[in-house]
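Counting starts at 1 for both ligands and their atoms, following the listed order. Numbers here are sequence positions counted from 1.
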Amino acid sequence: MVLQCLAPMLGGFQPHHPARDVKYHMKITMIGTGYVGLVSGACFADFGHDVVCVDKDAGKIAAIESGRMPIYEPGLDQLVGSNAAAGRLTFTTDVAAGVKGADAIFIAVGTPSRRGDGHADLSYVYAAAREIVEALDAPAVIVTKSTVPVGTGDEVERIARELRPDLDIQVVSNPEFLREGAAIGDFKRPDRVVVGTTGSERAIAVMSQIYRPLSLNQAPLMFTGRRTAELIKYAANAFLATKITFINEMADLCEAVGAQVQDVARGIGLDNRIGSKFLHAGPGYGGSCFPKDTLALVKTGQDYDTPVRIVETVVQVNDLRKRAMGRKIVKALGGDARGRTVALLGLTFKPNTDDMRDAPSIAIVQALEDAGAKVVAYDPEGMAVAAPMMPGVTMVGDAYEAAQGADALVLVTEWDIFRALDLKRLAASMAQKVLVDLRNIYPAAEAAEAGFALTRVGSQVA
Ligand code: UGA
């Protein structure tokens, strides 16, 4: 037990034995049914815990209960359905009812970039904290799962102390590292679970029990200080964004000097110290996390008078890159896009999601329209979300329809369905046989055989 108390201060790994008074089966409340909340809630229920998911949006709750998921995530509907049917996963709009008797209440609400200054908007987190604390009827652990800047846990704790000095409420940071599109697998087989506490034995014991099923998968449960845990999340996302941005700049250099970025990535990635993941050059990172979190980390650095200059540069380089992809397409068209039709394959920021937040396609469409092109697009899941964001774009039913009469075909997002297209059939229906492959899916030989003039990322194609 001494080890458990010291470990958070020491910031190291430690075994997770329960305190004597802690039960094995946990009652968990999840506030927020967005990506992180719904996936985490369903996975905790699948481990056998009792989970109540709370969301203010009655329409959303009703939809989930009737089997319609608010997000597109492979396998989520089955996971929610089976656990709801087994009675382990329930839903409510009522925070007070949701937190009753809970061992742990997770806050998994959104932390969007605050308009204008890039700081994370924490108003939803603090509002949730207030509601939870006011509704509590017994000691509990409040766990922040939303990505929140350093010090947010301190503020939640202050709120708890102020509103309920009568109750022992522990505040823990437990950042989530799942990726959209692979969320269930990532949650159930994580590389690590990070739990930040202020040393409370009860909080450590409760969190150990909640994650005990994962220790069977050998996932290290890492206890650390609360501020450290908050920073780990940002540091991880910023590092990954940096890795992507690094290889994207190498790709530009490869194009200039006549080298091959995929070979450069492989050549450096085989060094275990570097690792081969997140070295795919492309149109720049997007999504709901990297753009927002890198910006928030930059702001934190500025606030503490300790600028994180590498991350500042990553943010700038990535923003410029998305627009540069538009120019790359115009160049592939011979330098003039006026009156030309460009067909985009894929609009979402990555495959297996309908998420359009900060997707490179948005800047690409803007650049093409500014250059006078007409844009046609197909995306397997993202068109409903994308359509209002890009009103000038004509959405069509599949890749072949998109290519009909187009002057250029651009692969923007690497959905599986785009990986083995019949290039000859596509080329035959186009006005000009121009293929811009922003994800380096198609080998030069295959494109050439179909008659395409191919432009890739990070290599010169003759
Ligand atoms: C990211 C992290 O990978 C998760 O670990 C983290 O939990 C999540 O943010 C979060 O903070 O919630 P996600 O945004 O879902 O997950 O997507 P990623 O798979 O990381 O992709 C992000 C962007 O990077 C995409 O636009 C993708 O196309 C791009 N990317 C990724 C590359 O351009 N090259 C790569 O090699 C990898």
Indicate, as side chain, backbone, both or neither, the part of [X] found under 4.0 angstrom from ligand 1 when only non-hydrogen atoms are considered.
X	value
L279	backbone
K350	side chain
Y35	neither
D293	side chain
E176	backbone

>> Counting only heavy atoms not in Y400 (residues, nucleotides, ligands), do more than 12 fall under 6.0 Å from its OH?
In response: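 Yes - once you tally the heavy atoms of other residues, nucleotides and ligands closer than 6.0 Å, there are more than 12.
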Min N/O separation [X] to ligand 1 under 3.5 Å:
X	result
T147	no
L240	no
G282	no
S288	no

>> Just to check, does K322 reach to within less than 4.0 Å of ligand 1 when the distance is taken from its heavy atoms?
In response: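 No, K322 has no heavy atoms under 4.0 Å from ligand 1.
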> Testing T33, V39, L38 for side-chain contact (heavy atoms from CB on, under 4.5 Å) with V80, which one passes?
Replying inline: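 Testing V80 for a side-chain contact (heavy atoms from CB on, under 4.5 Å) against T33, V39, L38 leaves exactly one candidate, L38.
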> Out of curiosity, F278 CZ to S276 OG, how far, rounded to the nearest 0.5 Å?
Replying inline: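 Interatomic distance, F278 CZ to S276 OG, rounded to 0.5 Å: 11.5 Å.
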> Parallel, tilted or perpendicular: which describes the rings of Y211 and F44, with under 30° parallel and over 60° perpendicular?
Replying inline: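 Y211 and F44: perpendicular rings.
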>> I'd like to know whether Y35 forms a side-chain hydrogen bond (donor to acceptor under 3.5 Å, both in side chains) with D355, so could you lay out the CA-CA distance, the side-chain angles of the two residues, the decisive distance to 0.1 Å, and finally the verdict.
In response: CA-CA 10 Å; Y35 241 106; D355 203 331; over 6 Å; no
> Is it the case that H49 and D103 place a side-chain donor and acceptor less than 3.5 Å from each other?
Replying inline: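 The answer is no; no qualifying pair exists.
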>> Starting from atom 16 (O) of ligand 1, what is the nearest protein heavy atom, named by residue and atom, and what distance separates them?
In response: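 It is R179 CG, 3.6 Å.
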> Would you say the side-chain atoms of K145 pair up with the backbone N or O of N174, donor to acceptor, closer than 3.5 Å?
Replying inline: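 Between the backbone of N174 and the side chain of K145 there is a qualifying donor-acceptor contact (under 3.5 Å).
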